[in-house]
Amino acid sequence: MSDIIEITDFSAPELDIYARLTENQLLNRHEPEKGIFIAESPKVIERALDAGCRPISFLAERREAEGAGKELIRRCQDIPVYTAELDVLTKLTGFQLTRGMLCAMYRPPLPSVEEVCAGARRIAVLENVVNPTNVGAIFRSAAALNIDAVLLTPACSNPLYRRAIRVSMGNVFLVPWTFIGGVKPAEDAWPGEGMKKLRQLGFQTAAMALSDRSIPIDDPRLKTADRLAIILGTEGDGLAAKTLADCDYVVKIPMSHGVDSLNVAAASAVAFWEIGKM
């Protein structure tokens with residue numbers, strides 16, 4: 001039976017993990033096996049548990065612990081459950097967005113690129129996408145639009161940052177993902193070694209960018225690819241020149257009214273819709 005612990009003071013040390021540790025402290029780059037993430041809302045927590053993530057503790061508004069979150073708490077025997085009145089919990093930044101419940105969990109070990117791509121036909125590769133909102137939105141689209149896996153270059157925002165998890169609606173736990181080139185930037189890790197890895201796994205590569213050699217996203221040549229990786233670039237600068245040079249195709253989304261580009265999350269949804277049909 002879980003231990004229900006009432007919190008009356010926002011400065012209580014039990015709240016540190018939820019209220020005072022930064023994302024980098026939770027990530028714990030020096031000891032990744034001890035890394036932690038925070039899942040927000042009963043639905044997202046349920047998806048994380050279904051994916052095999054191990055809980056550390058819950059923080060819930062009292063009525064949530066006795067209501068919609070009750071089954072989740074029952075599912076996690078012997079895990080402490082911290083409860084408080086709403087006036088205490090609203091001091092946590094963004095608590096109103098959590099639907100009354102948070103759960104601290106251990107970060108699972110990262111799988112290899114080979115494991116993530118096993119059996120995948122259509123994958124997304126994110127190059128240096130640093131905004132966690134965009135990362136979360138891309139994962140939500142990937143889950144909805146038949147993308148089998150997501151790979152991220154080392155400089156990308158981590159998909160288990162709180163905002164990314166929240167924006168994805170927990171879909172970061174449904175779509176297999178890992179970093180390509182490791183979790184730390186290294187010379188020639190991407191695109192050099194990373195692009196070689198994709199080719200070894202049988203993927204053709206399609207870079208989303210405007211260039212003289214861009215083809216439309218619905219070009220029939222893309223449909224012949226048995227395995228295809230769509231590569232999306234960072235906000236603002238887009239994809240690196242070397243990435244564009246190394247890709248098999250450069251792909252664009254035809255647009256009107258003189259608009260030359262879309263936000264990377266919006267572009268991903270359009271691209272996923274099209275290649276997910278192939």
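In what follows, residues are counted from 1 in the order of the sequence shown.
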Starting at [atom1] of [X], measure out to [atom2] of [Y] and round the result to the nearest 0.5 Å.
| X | Y | atom1 | atom2 | result |
| --- | --- | --- | --- | --- |
| Leu59 | Cys103 | CG | SG | 10.0 Å |
| Thr83 | Glu6 | OG1 | CD | 4.0 Å |
| Leu72 | Glu46 | CG | CD | 6.0 Å |
| Asp226 | Arg121 | CG | CZ | 6.0 Å |
| Trp177 | Leu110 | CH2 | CG | 5.0 Å |
| Asp50 | Arg47 | CG | CZ | 9.0 Å |

Closest non-hydrogen atom pair, [X] against [Y]:
| X | Y | value |
| --- | --- | --- |
| Met208 | Leu232 | CG-CD2, 3.9 Å |
| Ala189 | Gly181 | CB-O, 3.6 Å |
| Pro159 | Ile165 | O-CG1, 3.5 Å |
| Val129 | Gly233 | CG2-O, 3.7 Å |
| Ile5 | Pro80 | CD1-CB, 4.2 Å |
| Leu244 | Ala207 | CD2-CB, 3.7 Å |

Discussion item. For Ile230 and Arg122: C-alpha separation, side-chain torsions, deciding distance, then whether side-chain contact (heavy atoms from CB on, under 4.5 Å) applies.
Written reply: CA-CA 8 Å; Ile230 288 287; Arg122 298 290 182 260; over 6 Å; no
Worksheet item: What residue pairs, at least two apart or across chains, pass ring pair (Phe, Tyr, Trp, His ring centres under 6.0 Å) with a residue in residues 62-92?
Response: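 Of all non-adjacent pairs touching residues 62-92, none passes ring pair (Phe, Tyr, Trp, His ring centres under 6.0 Å).
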Extract all donor-acceptor atom pairs below 3.5 Å that involve side chains of residues 13-24 and protein atoms in other chains or at least two apart in sequence.
unit_1: Asp16; atom_1: OD1; unit_2: Arg20; atom_2: NE; d: 2.6
unit_1: Asp16; atom_1: OD1; unit_2: Arg20; atom_2: NH2; d: 3.0
unit_1: Tyr18; atom_1: OH; unit_2: Ser57; atom_2: O; d: 2.7
unit_1: Tyr18; atom_1: OH; unit_2: Ser57; atom_2: OG; d: 2.7
unit_1: Tyr18; atom_1: OH; unit_2: Ala104; atom_2: N; d: 3.3
unit_1: Arg20; atom_1: NH1; unit_2: Phe10; atom_2: O; d: 3.1
unit_1: Arg20; atom_1: NH2; unit_2: Phe10; atom_2: O; d: 3.0
unit_1: Arg20; atom_1: NH2; unit_2: Ala12; atom_2: O; d: 2.9
unit_1: Thr22; atom_1: OG1; unit_2: Gln25; atom_2: N; d: 3.1
unit_1: Thr22; atom_1: OG1; unit_2: Gln25; atom_2: OE1; d: 3.4
unit_1: Glu23; atom_1: OE2; unit_2: Arg162; atom_2: N; d: 2.8
unit_1: Asn24; atom_1: OD1; unit_2: Tyr161; atom_2: OH; d: 3.4

Non-hydrogen side-chain atoms of [X] and [Y] separated by less than 4.5 Å:
| X | Y | answer |
| --- | --- | --- |
| Thr153 | Leu126 | no |
| Cys247 | Met195 | yes |
| Asn158 | Leu152 | no |
| Ile275 | Ile147 | yes |
| Met105 | Leu49 | yes |

Worksheet entry | Results of side chain to side chain donor-acceptor pair (under 3.5 Å) for Thr224 - residues two or more places apart only |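 By the side chain to side chain donor-acceptor pair (under 3.5 Å) rule, Thr224 matches no residue at all.
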Item to complete: Can you run down the salt bridge (charged side-chain N to carboxylate O under 4.0 Å, His left out) pairs that involve residues 236-252, sequence neighbours left out, and say none if there aren't any?
Response: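 Pairs touching residues 236-252 that pass the test: Lys242-Asp246.
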Discussion item. Enumerate the salt bridge (charged side-chain N to carboxylate O under 4.0 Å, His left out) contacts for residues 127-154, please, sequence neighbours excluded, ordered by first and then second residue.
Written reply: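 For residues 127-154, and leaving out neighbouring residues, there are no salt bridge (charged side-chain N to carboxylate O under 4.0 Å, His left out) pairs at all.
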Worksheet item: Of all residues at least two apart in sequence or in a different chain, which pass the salt bridge (Lys or Arg N to Asp or Glu O under 4.0 Å) check with Arg54?
Response: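 Once residues adjacent in sequence are excluded, Arg54 has no partner under the salt bridge (Lys or Arg N to Asp or Glu O under 4.0 Å) criterion.
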Discussion item. Which residues pass the salt bridge (Lys or Arg N to Asp or Glu O under 4.0 Å) test with Glu114, not counting sequence neighbours?
Written reply: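 Salt bridge (Lys or Arg N to Asp or Glu O under 4.0 Å) check on Glu114 returns Lys197.
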Hydrophobic clusters here meaning ILVMFWY residues chained together by side-chain heavy-atom distances under 4.5 Å, can you tell me if [X] and [Y] are in one?
| X | Y | result |
| --- | --- | --- |
| Val150 | Val130 | no |
| Leu174 | Phe139 | no |
| Ile138 | Val270 | yes |
| Leu27 | Leu102 | no |
| Val172 | Val167 | no |

Worksheet item: Just by distance, do the side chain of Trp190 and the backbone of Ile180 share a donor-acceptor pair under 3.5 Å?
Response: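 Absent.
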Item to complete: Say whether, by atom type as modelled, one donor and one acceptor occur between the side chain of Thr234 and the main chain of Asn128 under 3.5 angstrom.
Response: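 Present.
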Please list, chain by chain and in numerical order, all residues satisfying side-chain contact (heavy atoms from CB on, under 4.5 Å) with [X], sequence neighbours excluded.
| X | value |
| --- | --- |
| Val116 | Pro111, Ala149, Leu151, Pro176, Thr178 |
| Lys34 | Asn28, Glu31 |
| Asn146 | none |
| Arg227 | Cys117, Ala120, Leu201, Phe203 |

Fill in: Sequence-distant partners of Phe173, ring-ring contact (aromatic ring centres under 6.0 Å, His included), two or more places apart
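Counting only residues at least two positions away or on another chain, Phe173 forms a ring-ring contact (aromatic ring centres under 6.0 Å, His included) with Phe37.
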Item to complete: Pick out which of Asp219, Asp218, Ile217 makes a side chain to side chain contact (heavy atoms under 4.5 Å, CB included) with Ile215.
Response: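 Of the listed residues Asp219, Asp218, Ile217, the side chain to side chain contact (heavy atoms under 4.5 Å, CB included) partner of Ile215 is Asp219.
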Item to complete: Please check if any side-chain donor atom of Asn131 sits under 3.5 Å from a side-chain acceptor atom of Arg163, or the reverse.
Response: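 Result is no, nothing qualifies.
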